[in-house]
Participant: 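Got a structure for you, written out below as structure tokens; questions coming shortly.
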Amino acid sequence: MNQKELQLLVESISIKDFQRPFNHQATFNSRLKTTGGRYHLNTHHLDFNLKVLETFGMEEFIGVVKHELCHYHLHLSGGGYQHKDADFKRLLKQVGGSRYVQSLKPKDQKQAYWVYQCQQCKNSLYRKRRFNTARYVCGQCKGKLVLKSERVEM
Ligand SMILES: [Zn+2]
Ligand SMILES: [Zn+2]
């Protein structure tokens, strides 16, 4: 989806679900990292995160568009446009916007672990932090632990 298609999408959702035109600009902003979109109070422009579309698909992205349009229309019409406001909550529910975007972090950030193994019972342990094997023993059999491999991503 390019900028022009994004603009058209926001305009059509605005008419269809809010029965009001969107008269400002919608742009993809690559600086948005963990949020799906942003409404600018002073310029009334909307920014969107292309990653939401790429990661979660169109349905989720439309939910974000509706969420930002709730801020937009309520702010311009003098309603309660903040997350805590009753007006916002009511409108969001009415149009089926998303309350928050699923976190963008966990899916593209793998966790790395240190792998230890008990020499006696061969039980494997995965730990985020490295520890001194002289100071800890196997939780199952009290056997001696050895560092088996470094940093496994999973
Ligand atoms: Zn919001
Ligand atoms: Zn053991």
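Whatever order the structure lists them in is the order used to number ligands and atoms, beginning at 1. If you read the sequence from its start, that first residue is 1, and numbering goes on from there.
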Participant: Rounded to the nearest 10°, what angle sits at the Zn ion (ligand 2) between SG of C118 and SG of C141?
Facilitator: 100°
Participant: Under 2.8 Å from the Zn ion (ligand 1) - does any N, O or S atom of C70 fall there?
Facilitator: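 Looking at C70, which is the residue asked about, there is no N, O or S atom under 2.8 Å from the Zn ion (ligand 1).
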Participant: Do you know which of H44, E68, H24 makes side chain to side chain donor-acceptor pair (under 3.5 Å) with Y39?
Facilitator: H44
Participant: If the Zn ion (ligand 2) is the vertex, what is the angle to SG of C121 and SG of C138, rounded to 10 degrees?
Facilitator: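 Result: 110°, to 10°.
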Participant: Please find out if less than 6.0 Å separates the ring center of H73 from that of F88.
Facilitator: no
Participant: If you consider just the N/O/S atoms, which atom of H83 is the closest one to the Zn ion (ligand 1)?
Facilitator: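 Minimum-distance N/O/S atom of H83 relative to the Zn ion (ligand 1) is NE2.
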Participant: So, do Y136 and Y116 have ring centers that fall under 6.0 Å from each other?
Facilitator: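 They do not qualify: ring centres at least 6.0 Å apart.
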Participant: Please give the atom name: the N, O or S atom of H71 nearest to the Zn ion (ligand 1).
Facilitator: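 So the atom name we want here is NE2.
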Participant: Would you compute the distance between atom CD1 of I13 and atom CG of L8 and round it to the nearest 0.5 angstrom?
Facilitator: 11.0 Å
Participant: Parallel, tilted or perpendicular: which describes the rings of H83 and H71, with under 30° parallel and over 60° perpendicular?
Facilitator: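 H83 and H71: tilted rings.
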